[in-house]
Enquirer: 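After the structure tokens below, expect a handful of questions from me.
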Amino acid sequence: MGYEVRRLREQDGAAAWRLSSVAFGFHGSPMPAEFPAVPGRVAWGVFDGDRLIAKAVDREQGQWFGGRIVPTSGVAGVAVAPEVRRGGLGRQVLTRLLAGARERGAAVSTLFPSTPHPYRRLGWEEVGALTYLSVPTAALTAVRPSPGVSLRPATADDVRAIEALYRDWARSGTGMMERSGPLYDIAPDKLLASFDGVTVAVNEAGGVDGYATWERGPNSDPVARITAHGLVAATPEALCALLAMFGGWASVTPNTVLRLGPGDPALLEIPTTLVTVDSRQPWMLRLVDAPAAIAARGWPGHLSGIVDLALADPECPWNAGSWRLVLDGGLARLEPGGSGAVRFTPRGLAAWYAGAATPAVLRRAGLLSGDAVADGLLAAATAGPVPVLHDFF
């Protein structure tokens, strides 16, 4: 049976909303007035005649890898009508989305899967997780604030400093979202109103050294909680002051939930023996345009070398073939040619690119094969912070 795969138009909005609402269980909610015409979002659909039977959204975003912003396609809203599932429609719409994302300049793609299996078949691989950790609030009372830091509610004038703190933090990590562009064009007052509280840590000179964005849940019973969606500090003094503030909620919110990834400095201050995982949402990555992705990422400045690669990629055939990976003092490029001595699957390439798995692990998983002479260089090239993403989409 032949289907039409095309970009959704404004008149397709109601059908797209109905399909999404059934797939994700919000069919009782009204359709937003701006749906689906949101700047920075391109929706693709599969049609059986006039009926929309599958869809997926390409979000225009950037994520930090190696200290540089890599143009990214954030995939969201993937839905297939229940009557036609298991018929390859997800593959059709996602393959078209990948081609469209490459055409507009995306180098990599990320997504939060409901299940990883269909996306692994299309070349995405799990590289990290958005994680909230729970700790007894009383345990935070042991954190002592430093005398040189004061706390106060943030004002609109603080938003620029908050954004700078986040960007410096994201730049030093792997996979963090760049919170700018059409999907993050939020006025300061609207940003502050998105949370019950935004608290800044101020040093003796009046500069903002840290911030926390938080929501105080309902009730004061044993299940009451306060949730920190953001906790960013440039100094240990600011970090301890903010953690101590959450400790001050112990009498009314017995549980504090912190959005923290592996390697977060807050984990060096809180009693991790009492920490439990409150929620964990894995995220996946694949390369959309392999040469563009290699060129866009930051690389260790001390590394130089050449690795001959062979890439197989049925969904993104422009990536397939023999390449020479050239690492040269903080930059890298992918040139056509070479012997293809080192063979990556799309999933293996994604996990290596993100620094989520070493070549040794990828070989054991069957995602990397061929000559192992360059494994040390490949391991060093993407060694660094564990991939972390704190923005759900």
Side-chain angles (χ1 to χ4, degrees), residues 62-73 98-99 101-103 105-110 120 122-128 171-175 284-387:
Q63 290 177 234
W64 289 88
F65 291 89
R68 298 177 67 187
I69 301 170
V70 176
T72 303
S73 166
L98 288 168
R102 177 178 180 250
E103 290 164 6
V108 301
S109 172
T110 55
R120 280 180 168 150
L122 299 178
W124 279 271
E125 185 49 64
E126 182 178 329
V127 297
R171 183 184 291 112
S172 66
T174 300
M284 307 180 83
L285 179 139
R286 79 138 26 241
L287 272 64
V288 174
D289 186 323
I294 295 296
R297 193 193 197 283
W299 302 89
H302 66 281
L303 286 183
S304 295
I306 297 175
V307 184
D308 284 353
L309 302 179
L311 306 182
D313 197 338
E315 285 67 44
C316 297
W318 49 84
N319 289 337
S322 296
W323 302 89
R324 289 165 58 89
L325 170 66
V326 181
L327 297 163
D328 185 12
L331 300 175
R333 62 185 183 273
L334 208 56
E335 302 174 343
S339 65
V342 179
R343 297 184 291 276
F344 270 115
T345 68
R347 291 170 55 200
L349 185 65
W352 168 76
Y353 182 90
T358 64
V361 170
L362 294 175
R363 286 183 183 278
R364 294 189 189 105
L367 305 180
L368 171 64
S369 60
D371 195 341
V373 171
D375 279 10
L377 179 62
L378 290 172
T382 57
V386 174

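One is the number of the first residue; the rest follow in order along the sequence.
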Enquirer: Side-chain contact test, heavy atoms from C-beta onward, threshold under 4.5 Å: evaluate it for R286 versus R347 and give yes or no.
Expert: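 R286 does not reach R347 side chain to side chain.
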Enquirer: Compare every heavy atom of G329 with every heavy atom of S304, then report the nearest pair and how far apart it is.
Expert: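 Closest approach of S304 to G329: OG-N, 3.7 Å.
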Enquirer: Rounded at 0.5 Å granularity, tell me how far CG in L325 sits from CD1 in I306.
Expert: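 Going from the CG atom of L325 to the CD1 atom of I306 covers 9.0 Å.
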Enquirer: Does D308 reach the main-chain N or O of S339 with its side chain, forming a donor-acceptor pair under 3.5 Å?
Expert: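 The answer is yes, because a donor-acceptor pair under 3.5 Å joins these two groups.
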Enquirer: Would you check if the side chain of W323 reaches a backbone N or O of N319 as a donor-acceptor pair within less than 3.5 Å?
Expert: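 A pair under 3.5 Å: yes.
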Enquirer: Does the side chain of T110 come within less than 4.5 Å of Q63's, by heavy atoms?
Expert: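 Yes. Closest side-chain heavy atoms under 4.5 Å.
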Enquirer: Testing the basics here: between L378 and P359, what is the closest heavy-atom pair and its distance to 0.1 Å?
Expert: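 The answer is CB-CG, 3.9 Å.
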Enquirer: Is any side-chain heavy atom of W299 less than 4.5 Å from a side-chain heavy atom of L331?
Expert: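 Not touching, per the 4.5 Å side-chain cut-off.
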Enquirer: On the six-membered ring of W64, is R68 placed so that its NZ or CZ lies under 6.0 angstrom from the centre and within 45° of the ring axis?
Expert: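 No, R68 and W64 do not form such a contact.
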Enquirer: Report the relative orientation of the aromatic rings in F65 and Y353; use parallel for angles under 30°, tilted for 30 to 60°, perpendicular for over 60°.
Expert: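 Plane angle between 30° and 60°, so tilted.
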Enquirer: Minimum heavy-atom separation for G62 and I69, please, with both atom names.
Expert: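 Smallest interatomic distance, heavy atoms only, reads CA-CG2, 3.9 Å.
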Enquirer: Taking the side chain as everything from C-beta on, heavy atoms only, tell me whether D313 gets closer than 4.5 Å to W318.
Expert: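 Heavy-atom side-chain distance check fails, nothing below 4.5 Å.
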Enquirer: To the closest 0.5 Å, what do you measure between CG (L311) and SG (C316)?
Expert: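 Spacing of CG (L311) from SG (C316) equals 11.0 Å.
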Enquirer: Would you indicate whether the side-chain heavy atoms of L368 and V342 approach each other to under 4.5 Å?
Expert: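 Heavy-atom side-chain distance check passes, below 4.5 Å.
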Enquirer: Measuring from W352:CH2 to L285:CG, what's the distance to the nearest 0.5 Å?
Expert: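 Going from CH2 on W352 over to CG on L285, the span is 12.0 Å.
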Enquirer: Evaluate the side-chain proximity of R297 to T382: yes if any heavy-atom separation is below 4.5 Å, no if none is.
Expert: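 Touching, per the 4.5 Å side-chain cut-off.
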Enquirer: If we only count heavy atoms from C-beta on, is the V386 to T174 side-chain gap below 4.5 Å?
Expert: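 Not in contact.
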Enquirer: How close do S109 and L98 get, heavy atom to heavy atom, and via which atoms?
Expert: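 Closest pair (atom of S109, atom of L98, distance): CB-CD2, 4.3 Å.
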Enquirer: For E125, is there an ion pair with R120 - N to carboxylate O distance below 4.0 angstrom?
Expert: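 Answer for the salt bridge query: yes.
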Enquirer: So which pairs with a foot in residues 363-374 pass salt bridge (Lys or Arg N to Asp or Glu O under 4.0 Å), sequence neighbours left out?
Expert: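 Applying salt bridge (Lys or Arg N to Asp or Glu O under 4.0 Å) to every pair that reaches into residues 363-374, excluding sequence neighbours, yields R363-D375.
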Enquirer: Nearest 0.5 Å please: distance from the OG atom of S73 over to the CZ atom of R102.
Expert: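 One finds 13.5 Å between OG of S73 and CZ of R102.
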Enquirer: Would you say L327 and L377 make side-chain contact, with heavy atoms under 4.5 Å?
Expert: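 Yes, side chains in contact.
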Enquirer: For the residue pair A354 and P387, what are the closest heavy atoms and their distance?
Expert: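 Taking every non-hydrogen atom into account, O-CG, 3.1 Å.
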Enquirer: Considering all heavy atoms of both residues, which atom of A350 and which atom of L287 are nearest to each other, and what is their separation?
Expert: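 A350 and L287 have their closest heavy atoms at CA-CD1, 4.0 Å.
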Enquirer: Between atom CZ of R343 and atom OG of S322, what is the distance when rounded to the nearest 0.5 Å?
Expert: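 The CZ atom of R343 sits 10.5 Å away from the OG atom of S322.
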Enquirer: In Å and rounded to the nearest 0.5 Å, what is the CG to CD distance from L309 to E335?
Expert: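 One gets 11.5 Å once the value is rounded to the nearest 0.5 Å.
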